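Taking it in order: structure first as structure tokens, then the write-up.
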Amino acid sequence: MADGLRLVVRAFVYVVVGGVALIAIVTVASVLGPTVALDLYTPAVAAWWTVFTAVVVQGVPFLLLGTVVSAAIGAFVPERVFTRLLPRNQALAVPIAGAAGVVLPGCECASVPVAGSLMRRGVAPAAALAFLLSAPAINPVVLVATSIAFPGQPKMVLGRLVASLATAVVMGWLWARFGREEWMRKPTSGSGSSASESSGWRGFTAGLQHDFLHAGGFLVLGAGAAATFNIVVPRSVLDVFTGSAWLSVLLLAVLAVVLCVCSEADAFVAASLSGFSPTARLAFMVVGPMVDLKLIALQAGTFGRSFAVRFSSVTWVVAVSSSVVVGWWLL
């Protein structure tokens, strides 16, 4: 018991210190980077560092939450628990797993390692992927934040819930029907680990350290891509699309991918886009937690690049379609 407690404390300190160090490094770099690189010092470079820092600092706490949950599932939850909770029929397991996303109050950074851990514990990929998409989109924190961002507009909250859950379930069903094993690199517990080492406190410590460091690198890559878009595309280009209902939906759906706003904050960004239609702003909130650059990078690192490209592309189409249908119905 004492050894287990020491391992937990060590893992907690390791990951917390690592997270704080990562935030500190990015923050210091964001302040000193433009100053040190005198030849590159421009307002655009300063803006790049600011956006990059914001995305990383915003994502690290939820990435830490996800890796803690992932490591706990892998180390302490027996496979028989999932086989009892989820029906063997994937068509039935997918909506149940999608609805279960409401219990994880985190963003998309947390959902990827948790979904990987569920697959390692024997959960069907279709059900785990439905959970991956729904968890950052329909959890209570996100829905409350949406209600605050859109006061007196309960239909916007309901629209986000319905469209997001519908997208997660449809994608789970599509994977169950058309997905191929060779498209996905199944997450493994780490080479060379015995069954005894992959469970208990020692397994929790190893899984926590591995998942956090592995996923953290891809979070940084996604943040860099998002920051680059912010300085490359001028605002005047975005204003051209506000006059068309269809183009505005597509524009905000694309912006949701590249801006990488946390799912618990994107409602406030959407509310500030008052020049766009309610349906377009709904699309922004539905697409963002399911398909953005940092999430694509995390998926590529966990499940493979081939999977990330296919899955993200289809998810984007389904999310936009769900937003349009629900927006036409409710808004």
Side-chain angles (χ1 to χ4, degrees), residues 59 62-63 66 70 86 90-91 93-101 104 106-138 163-188 211 214-215 217-219 221-222 225-226 250 253-261 263 266 283-323:
F62 297 103
L63 179 62
S70 170
L86 294 174
Q90 289 193 73
V94 164
I96 294 176
L104 180 63
C107 76
E108 55 270 24
C109 297
S111 64
V112 175
V114 173
S117 183
L118 290 175
M119 291 184 194
R120 289 195 294 267
R121 307 308 292 171
V123 174
L129 293 175
F131 177 84
L132 181 153
L133 294 177
S134 68
I138 66 172
S164 299
L165 182 58
T167 301
V169 172
V170 168
M171 286 303 302
W173 282 338
L174 287 176
W175 182 264
R177 176 63 180 85
F178 300 105
R180 298 180 182 178
E181 290 187 4
E182 59 266 26
W183 290 349
M184 175 187 287
R185 184 181 68 224
K186 294 290 184 65
T188 58
D211 287 350
H214 182 70
F218 289 95
L219 172 63
L221 289 177
L250 295 177
V254 171
L255 283 181
V257 175
V258 297
L259 292 182
C260 294
V261 182
S263 62
D266 61 1
F284 180 86
M285 294 187 291
V286 173
V287 171
M290 299 184 178
V291 189
D292 68 20
L293 291 178
K294 69 177 183 296
L295 182 55
I296 294 172
L298 288 168
Q299 288 179 2
T302 303
F303 304 116
R305 185 174 58 182
S306 177
F307 167 84
V309 171
R310 289 184 173 93
F311 189 74
S312 297
S313 300
V314 179
T315 300
W316 188 88
V317 174
V318 174
V320 172
S321 301
S322 298
S323 302

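The basis for the numbers below is simple: all heavy atoms, side chains too, and nothing from hydrogens, waters or symmetry mates. None of these values were measured; they are calculated from a predicted model.
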Exercise. Within a reach of under 6.0 Å around CD of Glu181, are more than 12 heavy atoms found that belong to other residues, nucleotides or ligands?
Worked result: no

Hey, can you pull the donor-acceptor pairs under 3.5 Å for the side chains in residues 165-176, sequence neighbours left out?
residue: Thr167; atom: OG1; partner: Ala163; partner atom: O; Å: 2.8
residue: Thr167; atom: OG1; partner: Ser322; partner atom: OG; Å: 3.2
residue: Trp173; atom: NE1; partner: Ala91; partner atom: O; Å: 2.9

Exercise. Ile138 and Ser164: which non-hydrogen atoms are nearest, and at how many Å?
Worked result: CG2-CB, 3.8 Å

For this session: Go through the structure and list residues passing ring-ring contact (aromatic ring centres under 6.0 Å, His included) with Phe284, not counting sequence neighbours.
Result: none

Problem set entry | Exercise: identify the closest heavy-atom pair between Met290 and Val286 | CG-O, 3.7 Å

Exercise. Rounded to the nearest 0.5 Å, how far apart are CD of Gln90 and CZ of Arg177?
Worked result: 12.0 Å

For this session: Please state whether the rings of Phe307 and Phe311 are parallel, tilted or perpendicular, taking 30° and 60° as the class boundaries.
Result: parallel

Table please: side-chain donor-acceptor pairs of residues 122-137 below 3.5 Å, with sequence neighbours left out.
residue: Ser134; atom: OG; partner: Gly98; partner atom: O; Å: 2.7
residue: Ser134; atom: OG; partner: Ala130; partner atom: O; Å: 3.1
residue: Ser134; atom: OG; partner: Phe131; partner atom: O; Å: 3.4

Problem set entry | From CD (Gln299) to CE (Met184), nearest 0.5 Å | 9.0 Å

Seminar exercise, completed: Minimal heavy-atom distance between Ala253 and Val287, with the atoms involved, is O-CG1, 3.6 Å

Seminar exercise, completed: Value for CG (Leu293) from OG (Ser312), rounded to nearest 0.5 Å, stands at 9.5 Å

Seminar exercise, completed: Of all heavy-atom pairs linking Ser323 and Ala319, the shortest is OG-O, 2.8 Å

For this session: Compare every heavy atom of Val112 with every heavy atom of Thr302, then report the nearest pair and how far apart it is.
Result: OG1-CG1, 3.4 Å

